[in-house]
Amino acid sequence: MVNFCLIKDCATRSDRDKASFFRLPSVITNQGEKTQELSEERKRRWLSAVSRENRKTDFKAWDRICSRHFVSGKKAELYDNHNVDWVPTLELGHDKHQPPTPTAISRRNRAKQRTRRKAEEKAAAEEENAAAEEAMKEKEAAEALVVLQVPTNETDGNESTEAAPRDGFHNQEVQACSPVSDCGTQMETQTTQTIETQTDLTGDFLDKMYANSVDINEELYSIRDKLNHVHETDEACMKDSDERVKYYTGLPNFLVLSAVFDLIAPYLKKTHRSLLTKFQQMMLVLMRIRLNLSEQDLAYRFNVSQSTVSRIFRATLDVMFTRLQHLIIWPEREVLRDTMPMQFRKEFGQRVAVIIDCFEIFIDRPSNLLARAQTWSNYKHHNTIKYLIGITPQGTTSFLSKAWGGRTSDKVITEESGFLNKLDPGDLVLADRGFTITEMVAMQGAQVHIPSFTRGKKQLSAADIALTRKIANVRIHVERVIGSTRQKYTILRGPIPIDLLDKDVSSGLTVMDKIAKLCCSLNNINPSVVDFE
């Protein structure tokens with residue numbers, strides 16, 4: 001889309017001129033009163049600067065102002081209200097706002113220097129306070145160690161050497177001393193012993209004790225970090241909360257998660273050198289496809305390197321794909337008829353075998369020009385991959401194709417994906433208007449219903465309108481299944497990194513193909529979105 005500058009008499013265009021374009025500010029109401037006040041003031045001043053008759057109270061969504069109207073070539077941030085570019089000032093097409101004078105620019109620079117100086121003084125004061133607190137803590141730790149230490153005092157030959165002092169400094173005896181001179185002599189002797197003992201404890205011994213306490217604290221912090229890390233991925237923590245299971249895995253409860261783990265656990269690798277348990281390996285895969293986390297994020301969460309995350313993800317994904325892909329089942333006709341929901345029975349009897357549709361996932365822009373052209377989607381205006389999905393009337397996924405480029409038509413994917421081989425004579429397929437596959441489906445002895453076209457007609461007949469309405473009432477379920485799967489496993493929302501589209505030579509599938517099938521398999525063991533009654 002071509003952007004034009006809103007300023008009067010400015011002919012800058014985004015497709016012709018080398019200039020940046022900026023949206024006009026709006027009022028921010030959800031970030032506190034100060035932010036709202038600043039944004040309101042900024043919007044008011046921008047409206048005044050633009051000074052257009054048709055923009056007196058508000059801007060339009062498509063309005064832009066080019067960089068030629070700012071001193072630095074770009075607008076300032078919201079909180080930088082002393083910046084000269086907080087409001088456009090250059091070549092505004094009127095003389096209501098004069099360009100900033102050297103005095104104004106100098107005043108702005110002085111304000112920035114004052115702000116920077118105050119921030120530096122505040123940071124220096126905080127550092128001094130932190131240093132003072134640290135020194136006080138070290139002093140208190142050293143004094144505590146002195147109190148806890150029990151020294152040995154030299155005693156006379158008449159006294160027993162096994163008698164240990166109780167107060168940490170000297171051997172104190174409680175005696176009744178009637179003469180004042182005796183009490184004073186005793187106190188003087190005790191004080192001398194105390195001072196001597198304290199002098200002996202301020203050397204290397206205290207340094208060693210303090211170093212040992214520091215090492216112990218570091219070890220405790222390390223153990224605490226590991227315990228916090230295990231909190232969200234350990235099997236015991238998952239067992240305590242079904243809400244946590246639903247958030248991290250998309251599965252309804254821990255019982256289902258445990259069943260999935262029992263199915264794949266014998267095929268996961270765990271040696272004495274493995275950093276993660278088998279349960280954590282499964283959780284790593286589920287968390288990535290559920291929350292669309294990056295490998296670096298998972299590396300921080302599981303306290304391993306990014307390369308380890310990549311290796312474990314691909315190895316575990318292969319196991320989960322192999323063991324769970326059989327959850328995508330094309331049911332037998334008798335099973336379909338026995339479990340057909342009432343909504344389908346009323347509209348089409350018991351003939352509906354599958355409802356099909358295609359969905360697209362955004363991908364990163366390929367560097368290869370051919371791949372870029374093959375994945376460009378005119379419908380999404382983005383590079384995408386496309387999947388053909390089929391669901392049963394009961395709301396479960398019964399078919400999923402491999403990934404195709406976003407440029408590929410629905411008809412080609414249906415013909416080349418092997419979907420037609422699944423059909424039996426007498427089956428009824430429900431599809432959208434883009435699936436012009438009537439002849440291909442008829443070759444299998446089946447029938448396809450798509451909404452009627454008005455092309456070449458002034459209006460649809462009553463029968464066509466009734467059929468289109470019936471199809472729309474039940475075909476919406478395939479959209480609900482696609483939406484449910486994407487909501488549970490957000491990796492299907494994209495954008496997908498290019499490295500997940502590399503094809504495995506042995507299986508002919510990409511990593512994304514395995515992820516998509518795994519997501520649909522896991523969604524099949526969740527409650528259905530279709531009402532059976």
Side-chain angles (χ1 to χ4, degrees), residues 250 285 288-290 292 294-295 310 313-314 316-322 324-328 330 354-391 396-422 431-432 434-435 437 478-479 481-524:
V285 174
R288 183 171 188 188
I289 65 175
R290 163 68 172 156
N292 197 16
S294 65
E295 291 182 349
S310 179
F313 174 76
R314 295 192 179 231
T316 309
L317 176 65
D318 288 340
V319 173
M320 296 183 71
F321 166 73
T322 303
L324 300 178
Q325 65 174 328
H326 303 295
L327 295 175
I328 301 178
W330 187 277
V354 65
I355 311 170
I356 61 174
D357 199 1
C358 284
F359 68 93
E360 299 183 56
I361 306 174
F362 284 7
I363 64 172
D364 291 341
R365 187 183 186 188
S367 57
N368 183 276
L369 295 179
L370 178 60
R372 191 182 304 173
Q374 291 174 339
T375 57
W376 178 257
S377 171
N378 290 324
Y379 178 66
K380 297 290 186 179
H381 300 288
H382 200 282
N383 294 99
T384 66
I385 53 176
K386 184 185 289 188
Y387 288 95
L388 172 67
I389 185 173
I391 71 162
T396 60
T397 302
S398 59
F399 180 83
L400 186 70
S401 70
K402 296 190 294 185
W404 292 75
R407 187 179 181 181
T408 312
S409 67
D410 298 345
K411 179 179 179 180
V412 171
I413 298 177
T414 306
E415 184 178 5
E416 300 293 336
S417 63
F419 167 77
L420 298 175
N421 298 330
K422 300 281 188 179
D432 199 6
F435 290 86
I437 56 174
V478 70
E479 301 288 348
V481 171
I482 294 173
S484 173
T485 307
R486 281 183 152 176
Q487 184 179 6
K488 286 185 176 69
Y489 302 102
T490 57
I491 195 171
L492 298 181
R493 299 180 188 177
I496 303 300
I498 295 298
D499 62 329
L500 295 185
L501 303 179
D502 295 335
K503 183 175 291 187
D504 185 0
V505 179
S506 59
S507 63
L509 299 174
T510 65
V511 178
M512 195 58 211
D513 289 336
K514 298 176 182 179
I515 292 175
K517 284 209 170 185
L518 177 60
C519 293
C520 292
S521 299
L522 294 173
N523 191 59
N524 277 352

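Note that these values count all heavy atoms, side chains included, but never hydrogens, waters or copies made by symmetry.
When all heavy atoms of Val511 and Arg314 are compared, the closest pair comes out as CG2-NH1, 3.3 Å. Smallest separation of non-hydrogen atoms from Leu388 and Ser417: CD2-OG, 3.6 Å. Contact record, Asn383 with Arg372: ND2-O, 3.0 Å, taken as the closest heavy-atom pair. Nearest heavy atoms, Ser401 versus Phe399: N-CE2, 3.8 Å. Pro366 and Thr375 get closest at one heavy-atom pair: CG-OG1, 3.8 Å.
Looking at Asp513 and Thr510, their side chains do bring a donor and an acceptor atom within 3.5 Å of each other.
For the atom pair NZ of Lys514 and CG of Leu317, the computed distance is 6.5 Å after rounding to the nearest 0.5 Å. Rounding to the nearest 0.5 Å places OG1 of Thr384 at 9.0 Å from CD1 of Ile361. The structure places CD1 of Ile391 at 9.5 Å from CD of Glu479, a figure rounded to the nearest 0.5 Å. Put simply, NZ on Lys380 and CZ on Phe359 are 11.0 Å apart, with the number rounded to the nearest 0.5 Å. Taken from CG in Leu324 to SG in Cys520, the straight-line distance is 12.5 Å, to the nearest 0.5 Å. Here CD of Glu295 is found 7.5 Å from CZ of Phe313. Values are rounded to the nearest 0.5 Å.
Side-chain N or O atoms of Asn368 include one that pairs as donor or acceptor with a backbone N or O of Leu370 at under 3.5 Å.
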Passes side chain to side chain contact (heavy atoms under 4.5 Å, CB included), Leu492 versus Met512? Steps please.
-> CA-CA 9 Å; Leu492 298 181; Met512 195 58 211; 3.7 Å; yes
Could you check Asn292 against Arg493 for side chain to side chain contact (heavy atoms under 4.5 Å, CB included), going step by step and ending with a plain yes or no?
-> CA-CA 9 Å; Asn292 197 16; Arg493 299 180 188 177; 5.9 Å; no
Run the numbers on Ile356 and Ile437 for side chain to side chain contact (heavy atoms under 4.5 Å, CB included), then give the verdict.
-> CA-CA 12 Å; Ile356 61 174; Ile437 56 174; 4.0 Å; yes
Audit row: Val285, Leu518, side chain to side chain contact (heavy atoms under 4.5 Å, CB included) steps and yes/no | CA-CA 10 Å; Val285 174; Leu518 177 60; 4.1 Å; yes
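Not a single ring pair (Phe, Tyr, Trp, His ring centres under 6.0 Å) links Phe435 to another residue, sequence neighbours left out. Here Lys488 pairs with Arg290, Ser484, Asn523, Asn526 under the side-chain contact (heavy atoms from CB on, under 4.5 Å) rule; sequence neighbours left out.
For Gln487, the CD atom is loosely surrounded, since the number of other residues' heavy atoms within 6.0 Å does not exceed 12.
Aromatic ring orientation, Trp330 versus Phe419: perpendicular (interplanar angle above 60°, classes split at 30° and 60°).
No option in Asn524, Leu400, Thr485, Thr490 other than Thr485 meets the side-chain contact (heavy atoms from CB on, under 4.5 Å) test with Cys519.
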Could you go through residues 406-413 and list every donor-acceptor pair under 3.5 Å that involves a side-chain atom there, pairing it with any protein atom two or more places apart or in another chain?
from   : atom 1 : to     : atom 2 : distance (Å)
Thr408 : OG1    : Gly405 : O      : 3.1
Ser409 : OG     : Val412 : N      : 3.3
Asp410 : OD1    : Lys386 : NZ     : 3.3

